[in-house]
Amino acid sequence: MKKSVIVAAVLAAVGSSVLAHQRLSAKTLCEGFLPPNSLNIPVGDVRAAGIDEAVYNAVLDRVQAVYGPVIASKGARLSINRKWTDGTVNASAQQIGSTWHINMYGGLARHAAVTEEGFALVACHEIGHHIGGYPKSSWATNEGGSDYFATLKCMRRLYGDAPPLGDVDPVAEAGCSGEFGDESARNGCRNGARGGQSVAFLFQALRNSPTPPRFDTPNTTVVDQMYNRHPETQCRLDTYYQGALCGASVSSDLSNSDPNSGACTARNGQRVGLRPRCWYKPPVDEPALAPAFVARPLDLDAKAVAEKLEALRASLSGRGI
């Protein structure tokens with residue numbers, strides 16, 4: 001047998017072995033950011049009313065720049081799979097060996113409910129599966145925990161103290177302004193709230209729900225065990241809002257085992273920014289304290305609030321939401 005044939009056979013065997021090892025070591029979530037759905041919005045579709053490709057790439061460039069080094073510090077490599085031409089309305093995360101992936105689909109970005117902050121929040125949620133800490137479901141931070149991480153840490157890292165790109169819901173504005181004394185911290189909260197509201201409207205649309213999610217109508221469910229799958233729409237908005245309101249330091253990492261590290265908890269003496277009980281079952285030593293959803297709200301004129309809400313609803317309606 002010729003030497004070249006032997007070399008080719010050896011390389012093929014090695015390649016097959018590597019691929020087999022990768023398949024065995026791949027860790028993928030069963031569900032994506034959204035529950036499985038059949039919606040598909042290809043490039044050029046008449047329903048494409050979300051963000052364009054330039055914004056899509058700019059957001060993911062920012063995620064790579066901020067979280068590439070963070071993932072590298074943990075001994076892995078962040079791979080953002082940019083699937084702009086894929087019409088799938090979803091996103092997902094997986095780990096293959098030391099490469100940690102997030103898969104970001106163009107169909108999601110093109111949905112009418114998705115704003116720049118909304119798309120960034122989805123990317124943050126997927127990063128959260130990798131480094132969002134407690135509570136864990138298998139290898140990944142669970143769905144509610146990844147939602148909490150998205151506004152507690154990631155949106156603040158991505159947008160810092162930049163002013164929001166548009167109007168902020170008056171209730172969220174009251175909460176952010178009441179919790180944070182300086183404008184830069186308020187802007188971090190506002191950006192998280194805007195991103196959370198965008199994706200909450202996306203959930204509402206995909207679930208054909210007649211009731212819009214609101215910051216002032218928190219889900220009152222109290223689970224008796226940890227809920228690891230996708231919480232319902234209002235519960236997810238509550239989680240984004242609480243993450244945005246939490247005053248824990250952005251630089252303080254979340255722990256895989258200690259729910260108090262880097263987060264807001266009743267055990268830490270906080271009432272605002274707690275993980276909502278509609279999905280989160282705290283440890284037995286956690287004080288039984290319901291989170292406060294708007295702390296020290298501004299003295300807002302009722303008529304002015306109503307006018308702002310109506311203007312916001314009109315603008316969203318004009319985008320087909």
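Both backbone and side-chain heavy atoms feed into the values below; hydrogens, waters and symmetry mates do not.
- Residue Phe33 forms a ring pair (Phe, Tyr, Trp, His ring centres under 6.0 Å) with just one option from Tyr105, Phe119, Phe203, and that option is Phe203.
- A distance-only check finds a donor-acceptor pair linking the side chain of Ser255 to the backbone of Ser257 [under 3.5 Å].
- Here the side chain of Arg275 pairs no donor or acceptor atom with the backbone of Lys281 at under 3.5 angstrom.
- A donor and an acceptor atom, one from each side chain of Thr88 and Asn90, are nowhere located under 3.5 Å apart.
- With hydrophobic clusters built from ILVMFWY side chains whose heavy atoms lie under 4.5 angstrom apart, Ile131 does not share a cluster with Val250.
- With 3.5 Å as the limit, one finds no donor-acceptor pair spanning the side chains of His129 and Gln95.
- For the pair Asn57 (side chain) and Glu53 (backbone), a donor-acceptor distance under 3.5 Å is present.
- Contact annotation: the side chain of Thr221 never approaches that of Glu232 to less than 4.5 Å [non-hydrogen atoms, C-beta and beyond].
- The nearest pair of heavy atoms linking Pro213 to Gln204 is CD-OE1, 3.6 Å.
- You'll find the ring centres of Trp139 and His130 inside the 6.0 Å limit.
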Pair Val199-Val114, side-chain contact (heavy atoms from CB on, under 4.5 Å): steps then yes or no: CA-CA 6 Å; Val199 297; Val114 176; 5.7 Å; no
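- Under the 4.5 Å side-chain criterion, counting only non-hydrogen atoms from C-beta, Trp279 is not in contact with His230.
- With a 4.5 Å cut-off on side-chain heavy atoms, Pro135 and Pro259 do not count as touching.
- With hydrogens and angles ignored, the 3.5 Å screen pairs no side-chain donor or acceptor of Asn219 with any backbone N or O of Cys278.
- A donor-acceptor pair under 3.5 Å is formed between the side chain of Arg47 and the backbone N or O of Asn40.
- Thr141 places a side-chain N or O within donor-acceptor distance of the main-chain N or O of Gly133, the cut-off being under 3.5 Å.
- For the atom pair OG of Ser146 and CD1 of Ile127, the computed distance is 10.5 Å after rounding to the nearest 0.5 Å.
- Residues that satisfy the side-chain hydrogen bond (donor to acceptor under 3.5 Å, both in side chains) test with Ser251, not counting sequence neighbours, are Ser249.
- Counting only heavy atoms from C-beta outward, the side chains of Tyr280 and Val223 never approach each other to under 4.5 Å.
- Two residues are said to be in side-chain contact when any heavy atoms from C-beta on lie closer than 4.5 Å; Arg190 and Phe180 fail this criterion.
- Across every non-hydrogen atom of Pro164 and Asn191, the tightest pair is CA-OD1, 3.2 Å.
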Chi angles and distances behind the salt bridge (Lys or Arg N to Asp or Glu O under 4.0 Å) call for Asp61, Arg82: CA-CA 10 Å; Asp61 286 346; Arg82 305 188 188 206; 2.7 Å; yes
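- Qualifying salt bridge (charged side-chain N to carboxylate O under 4.0 Å, His left out) partners for Arg207, counting only residues two or more places apart in sequence or in other chains: none.
- Looking only at distances, a side-chain donor or acceptor of Gln242 sits under 3.5 Å from a matching main-chain atom of Leu274.
- Ion pair Arg194/Glu116 not flagged as a salt bridge, since none of the NZ, NE, NH1 or NH2 atoms sits closer than 4.0 Å to an Asp/Glu carboxylate oxygen.
- Note on Asp238 versus Arg214: no salt bridge recorded, every NZ/NE/NH1/NH2 to OD/OE distance being 4.0 Å or above.
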Evaluation steps, side-chain contact (heavy atoms from CB on, under 4.5 Å), between Tyr56 and Arg110: CA-CA 9 Å; Tyr56 167 93; Arg110 288 186 283 275; over 6 Å; no
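- Using a distance-only test at 3.5 Å, with no hydrogens or angles considered, no donor-acceptor pair links the side chain of Asp169 to the main chain of Gln197.
- With hydrogens and angles ignored, the 3.5 Å screen pairs no side-chain donor or acceptor of Ser137 with any backbone N or O of Ala140.
- With a 4.5 Å cut-off on side-chain heavy atoms, Glu143 and Pro231 count as touching.
- Inspection of the Tyr134 and Asp258 side chains reveals no N or O donor paired with an N or O acceptor under 3.5 Å.
- Considering only heavy atoms from C-beta on, Met104 stays 4.5 Å or farther from Val63 through its side chain.
- No donor-acceptor pair closer than 3.5 Å links the side chain of Arg62 to the backbone N or O of Ala58.
- The environment of CZ in Arg267 is sparse: at most 12 heavy-atom neighbours from other residues, nucleotides or ligands sit within 6.0 Å.
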Stepwise side-chain contact (heavy atoms from CB on, under 4.5 Å) check, Val171 with Glu173: CA-CA 5 Å; Val171 175; Glu173 173 63 39; over 6 Å; no
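- Using a 4.5 Å heavy-atom cutoff, the side chains of Met155 and Leu121 are in contact.
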Criterion side chain to side chain donor-acceptor pair (under 3.5 Å) on Asn187 and Ser184, from CA distance to verdict: CA-CA 5 Å; Asn187 283 337; Ser184 62; over 6 Å; no
Cys189/Leu245 under side-chain contact (heavy atoms from CB on, under 4.5 Å): CA gap, chis, key distance, verdict: CA-CA 6 Å; Cys189 178; Leu245 290 175; 3.9 Å; yes
Under 3.5 Å, which donor-acceptor pairs link side chains of residues 71-80 to any protein atom two or more places apart or in another chain?
unit_1: Ser73; atom_1: OG; unit_2: Val70; atom_2: O; d: 2.5
unit_1: Ser79; atom_1: OG; unit_2: Asn81; atom_2: OD1; d: 3.3
unit_1: Ser79; atom_1: OG; unit_2: His101; atom_2: ND1; d: 3.4

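- Remark: Tyr227 OH to Asn142 CG distance equals 10.5 Å, nearest 0.5 Å.
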